[in-house]
Amino acid sequence: MDNELLIYNTLKRRKEIFKPIHEGRVGMYVCGPTVYGKAHLGHARSAITFDTLFRYLKYLGYKVRYVRNITDVGHLVNDADDGEDKIAKKARTEKLEPMEIVQEYTDYYHRCLEEMNVLPPGIEPRATGHIIEQIQTVQKILDSGYGYISNGSVYFDVKKYAGDHNYGELSGRKIEDLLSNTRELDGQQEKHSPLDFAIWKKASPEHIMHWPSPWSEGFPGWHLECTTMSCKYLSENFDIHGGGMDLIFPHHEAEIAQSVAAFGHQSVNYWMHNNMITLNGQKMGKSLGNAIALDEFFSGNHSLLEKAYSPMTIRYFMLTAHYRSTLDFSNQALQAAEKGLDRLLKAFKTLNKLKSSSSSGSAIDVKKLKSKCFDAMNDDMNTPIALSHLFEGVKIINSIADNKETISANDLEEMKSLFSTFIFDLFGLKIQEENKTDIKPYEDAVNLLLQLRLEAKQNKNWATSDKIRDELTKAGFDIKDNSDGFSWELKK
RNA sequence: GGUCGGUUGGCCGAGCGGUUAGGCAACGGUCUGCAAAACCGUGUACGGCAGUUCGAACCUGCCACCGACCUCCA
């Protein structure tokens with residue numbers, strides 16, 4: 001395999017060599033969350049998947065403009081709910097301003113992502129901040145003839161579009177199938193066809209989020225924001241558009257149709273979609289009621305969780321599966337991830353303490369290992385494979401530390417660089433540092449006890465030494481003896 | 001019902017025609033006053049039935065089961 005990055009393009013249903021539109025630069029747009037509730041594991045997967053891509057593209061030397069939106073208006077709850085806005089609904093039930101809801105859950109989202117070391121995007125536009133631009137897009141679609149006005153709302157004419165273009169290209173759907181499978185739902189009389197979707201929706205009197213427009217006092221349609229904002233910040237043509245697989249239809253399909261209608265051509269070269277997190281084999285989702293919020297993982301405060309899982313454990317867990325595969329949540333899987341991560345990070349610490357030997361050769365072909373790791377990344381970001389190669393390295397690091405193998409000075413340096421690049425720069429993992437100053441007094445107390453134990457041991461007073469160890473263990477410490485005396489940490 | 005995807009060892013999860021994926025657990029060993037931890041080593045697998053092939057987890061067909069999307073969704 002060569003050095004080219006292969007990306008699976010949903011639009012083509014195959015891996016393609018990644019070639020940016022402008023040499024050295026990448027424009028990337030990723031669908032962010034609708035901020036009407038706490039972000040859950042699924043949101044984390046999308047964020048981490050594209051964060052990893054962002055990091056890798058930057059590592060490859062690209063200048064990346066990364067745009068990830070916040071949807072704070074425009075997604076309808078469902079047709080049965082009379083087209084009430086998700087944000088507005090939540091606001092009414094909690095008697096808060098819609099923007100308070102938006103702020104709360106946006107902050108929550110940011111906090112969780114930061115804890116998981118997800119880099120912030122370069123631009124994070126909000127739908128409500130781009131009403132004027134969206135109105136302009138609606139007008140363009142009307143001008144092109146693919147939109148129609150009905151009772152103050154503006155709809156996208158899917159049938160007409162499908163006559164001229166390939167509607168369903170991304171999701172592999174055929175318009176006839178869609179038509180035959182569509183249920184007649186209430187409140188759709190305004191539409192010419194059930195397939196049509198709103199690009200501007202007239203607000204009902206009880207609707208509290210609305211803006212003036214040439215057609216009505218209302219709000220922008222469900223899919224319009226991404227078309228509009230990606231165009232605004234990345235232009236009518238950009239490289240990568242990402243999001244969860246559940247967005248392929250209708251959201252991304254609609255985006256394509258809107259772009260073609262508004263600009264005369266598609267905007268996106270590579271469509272990338274991460275797969276779902278499952279719980280007992282079922283998709284985890286807010287509407288399914290089986291979503292576990294991120295802070296619940298961090299605190300362990302959820303009936304399905306046996307313990308707390310650190311943000312880094314969650315991040316690492318995501319990396320153990322390919323982004324296009326479903327990943328099944330379970331306590332066992334998460335605990336395996338926790339231990340695996342621990343082992344990897346410990347090996348990194350060990351690596352930095354290793355001494356090279358000048359006389360004998362190296363137990364390891366670092367160049368080969370390195371190229372295997374990068375081959376995996378270049379193959380549609382295969383992080384589990386890259387990880388498996390890293391663990392080959394771990395084995396060798398440990399053998400060297402055990403004086404069973406040797407490594408040359410050059411190889412040692414390369415190895416350090418390889419591990420640090422992958423663990424920290426590309427995978428975005430970090431070593432959790434405890435705040436030593438806060439715990440100094442009790443740390444001293446524990447050390448004192450263990451010092452007494454060490455003296456007891458030296459006097460072969462096993463009863464006392466074991467008592468101290470057992471009691472501290474009971475109190476929640478992990479005590480380990482080693483050649484330097486002892487070490488301890490709080491039980492995980 | 002339509003479209004698409006999946007079914008891998010105790011668990012998670014790669015592989016997509018021949019060579020050990022990897023992690024976790026299990027077992028054996030090293031170390032240790034005893035432990036713990038750490039490290040080293042080892043095993044078990046490709047949903048079923050046919051077919052193609054010198055050779056199939058990987059290709060083809062049929063069957064079974066599961067899921068996603070078809071409605072807001074990461």
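Order of the sequence lines sets the chain letters (A, B, ...), proteins ahead of strands, with each chain counted from 1.
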(request) Heavy atoms only: give me the nearest A:Tyr109-A:Ala39 pair and the separation to one decimal. (result)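 That closest heavy-atom pairing would be CD1-CB, 3.7 Å.
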
Nearest-angstrom distance, [atom1] atom, [N] to [M]:
{"N": "B:C24", "M": "B:G18", "atom1": "C1'", "answer": "30 Å"}
{"N": "B:G22", "M": "B:A45", "atom1": "P", "answer": "16 Å"}
{"N": "B:C63", "M": "B:C54", "atom1": "C1'", "answer": "29 Å"}
{"N": "B:G48", "M": "B:G10", "atom1": "P", "answer": "13 Å"}
{"N": "B:C70", "M": "B:G55", "atom1": "P", "answer": "45 Å"}
{"N": "B:U44", "M": "B:G28", "atom1": "C1'", "answer": "16 Å"}
{"N": "B:A35", "M": "B:A68", "atom1": "C1'", "answer": "50 Å"}
{"N": "B:G47", "M": "B:A57", "atom1": "P", "answer": "10 Å"}

(message) Does B:U71 have its OP1 or OP2 closer than 4.0 Å to a side-chain nitrogen or oxygen of A:Ser287?
(response)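 Negative; the distance criterion is not met.
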
(message) With a 4.0 Å cutoff (strictly under), does any side-chain N or O of A:Asn331 reach OP1 or OP2 of B:C12?
(response)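 Checking B:C12 against A:Asn331, no side-chain N or O comes under 4.0 Å of OP1 or OP2.
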
(request) May I ask you to decide if A:Leu11's main-chain N or O and A:Asn9's side chain share a donor-acceptor pair within less than 3.5 Å? (result)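 Pair found, side chain donor or acceptor close to backbone of A:Leu11.
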
(message) Using only atom types and a distance under 3.5 Å, with no angle test, would you say the side chain of A:Gln134 pairs donor to acceptor with the backbone of A:Ala127?
(response)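 Flag set: sc A:Gln134 to bb A:Ala127 pair under 3.5 Å.
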
(request) Could you point out which residue of A:Arg45, A:Arg315, A:Arg68 forms a salt bridge (charged side-chain N to carboxylate O under 4.0 Å, His left out) with A:Asp51? (result)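 Single salt bridge (charged side-chain N to carboxylate O under 4.0 Å, His left out) partner of A:Asp51 among A:Arg45, A:Arg315, A:Arg68: A:Arg315.
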
(request) Using a 4.0 Å cut-off on protein heavy atoms (strictly under), produce a 5'-to-3' string for nucleotides 35-40 of chain B with B for base contact, S for backbone-only sugar-phosphate contact, and - for none. (result) BBS-SS

(request) Examine A:Lys286 relative to A:Tyr36 and say whether NZ or CZ is less than 6.0 Å from the centre of the six-membered ring and inside a 45° cone about the ring axis. (result)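 The answer is yes, since A:Lys286 meets both limits relative to A:Tyr36.
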
If you check every side-chain atom of [X], which of [options] has the closest atom?
{"X": "A:Phe249", "options": "B:G13, B:A21, B:C70", "value": "B:C70"}
{"X": "A:Ser46", "options": "B:G13, B:A74, B:C72", "value": "B:A74"}
{"X": "A:Lys283", "options": "B:C69, B:C11, B:G13", "value": "B:C69"}
{"X": "A:Leu247", "options": "B:A25, B:A74, B:C72", "value": "B:A74"}

Please report the distance, rounded to the nearest Å, between [atom1] in [X] and [atom2] in [N].
{"X": "A:Glu392", "N": "B:U19", "atom1": "CD", "atom2": "P", "answer": "16 Å"}
{"X": "A:Met245", "N": "B:A68", "atom1": "CE", "atom2": "P", "answer": "13 Å"}
{"X": "A:Asp375", "N": "B:A14", "atom1": "CG", "atom2": "P", "answer": "19 Å"}
{"X": "A:Leu319", "N": "B:C12", "atom1": "CG", "atom2": "P", "answer": "19 Å"}
{"X": "A:Glu253", "N": "B:C4", "atom1": "CD", "atom2": "C1'", "answer": "13 Å"}
{"X": "A:Leu344", "N": "B:G13", "atom1": "CG", "atom2": "P", "answer": "19 Å"}
{"X": "A:Ile314", "N": "B:A74", "atom1": "CD1", "atom2": "P", "answer": "18 Å"}
{"X": "A:His322", "N": "B:G23", "atom1": "NE2", "atom2": "P", "answer": "20 Å"}

(message) With the stacking rule set at 5.5 Å and 30°, tell me whether A:Trp462 counts as stacking on B:G33.
(response)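 Yes, A:Trp462 stacks on the base of B:G33.
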
Dump the pairs, protein N or O against N or O of nucleotides 1-3 of chain B, anything under 3.5 Å, distances to one decimal.
{"residue": "B:G1", "atom": "N2", "partner": "A:Asn181", "partner atom": "OD1", "Å": "3.0"}
{"residue": "B:G1", "atom": "N2", "partner": "A:Asn181", "partner atom": "ND2", "Å": "3.4"}
{"residue": "B:G2", "atom": "O2'", "partner": "A:Asp177", "partner atom": "OD2", "Å": "3.4"}
{"residue": "B:U3", "atom": "O2'", "partner": "A:Gly172", "partner atom": "O", "Å": "3.4"}

(message) Is it the case that the ring center of A:Phe348 lies less than 6.0 angstrom away from the ring center of A:Phe419?
(response)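 No, ring centres 6.0 Å or more apart.
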
(request) Just jot down the side-chain hydrogen bond (donor to acceptor under 3.5 Å, both in side chains) partners of A:Ser371, sequence neighbours excluded, or say none. (result)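 In terms of side-chain hydrogen bond (donor to acceptor under 3.5 Å, both in side chains), with neighbours along the sequence ignored, A:Ser371 is linked to no residue.
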
(request) May I ask you to check whether over 12 heavy atoms, not counting those of A:Lys355, lie within 6.0 Å of atom NZ? (result)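 Open: at most 12 neighbouring heavy atoms sit under 6.0 Å from NZ of A:Lys355.
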
Name each donor-acceptor pair under 3.5 Å that joins a side chain in residues 112-121 of chain A to protein atoms two or more places apart or in another chain, with its distance.
{"residue": "A:Asn117", "atom": "ND2", "partner": "A:Gly428", "partner atom": "O", "Å": "2.9"}

Using a 4.0 Å heavy-atom cut-off across all strands, classify [X] as base, sugar-phosphate, or nothing.
{"X": "A:Thr49", "value": "nothing"}
{"X": "A:Gly32", "value": "sugar-phosphate"}
{"X": "A:Asn382", "value": "sugar-phosphate"}
{"X": "A:Leu327", "value": "sugar-phosphate"}

(request) Toss me the dot-bracket line for RNA chain B: Watson-Crick and G-U wobble, both under 3.5 Å, 5' to 3', using | for pairs to another strand and [ ] for crossers. (result) (((((((..(((.....[...))).(((((.......)))))....(((((..]....))))))))))))....

(message) Taking the nucleotide of RNA chain B with the nearest heavy atom to each, does A:His389 or A:Gly42 sit closer to the 5' end?
(response)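 It is A:His389, whose closest nucleotide lies nearer the 5' terminus.
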
(request) Would you kindly compare A:Tyr36 and A:Phe317 by the position of their nearest RNA chain B nucleotide and give the one closer to the 5′ end? (result)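 Looking at RNA chain B, the more 5' nearest nucleotide goes with A:Phe317.
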
(message) Once hydrogens and angles are ignored, does a donor-acceptor distance under 3.5 Å link the base of B:C24 to the side chain of A:Lys339?
(response)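 Under the 3.5 Å cut-off, the side chain and the base do not form any donor-acceptor pair.
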
(message) Tell me if the side-chain of A:Asp466 makes a donor-acceptor pair with the base of B:G33, cut-off 3.5 Å, by modelled atom types.
(response)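 Checked by distance alone, the answer is yes.
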
(request) Could you tell me which residues satisfy side chain to side chain contact (heavy atoms under 4.5 Å, CB included) with A:Lys416, sequence neighbours excluded, listed by chain and number? (result)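 If we apply the side chain to side chain contact (heavy atoms under 4.5 Å, CB included) test to A:Lys416, skipping adjacent residues, the hits are A:Leu351, A:Asn352, A:Leu412, A:Glu413.
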
(message) Tell me which one of A:His322, A:Met377, A:Arg324 satisfies side-chain contact (heavy atoms from CB on, under 4.5 Å) with A:Asn382.
(response)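 Going through the options one by one, the only one that passes is A:His322.
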
(message) A:Asp328 and side-chain contact (heavy atoms from CB on, under 4.5 Å): which single residue from A:Thr278, A:Ile277, A:Asn280 fits?
(response)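 Among the candidates, only A:Thr278 passes.
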
(request) Start with the C-alpha distance between A:His110 and A:Tyr105, add both sets of side-chain angles, then the distance that settles ring pair (Phe, Tyr, Trp, His ring centres under 6.0 Å), and finish with yes or no. (result) CA-CA 8 Å; A:His110 286 157; A:Tyr105 292 121; over 10 Å; no

(request) For the pair A:Thr10 and A:Met272, evaluate side chain to side chain contact (heavy atoms under 4.5 Å, CB included) and give the outcome as yes or no after the intermediate values. (result) CA-CA 6 Å; A:Thr10 309; A:Met272 294 178 73; 5.6 Å; no

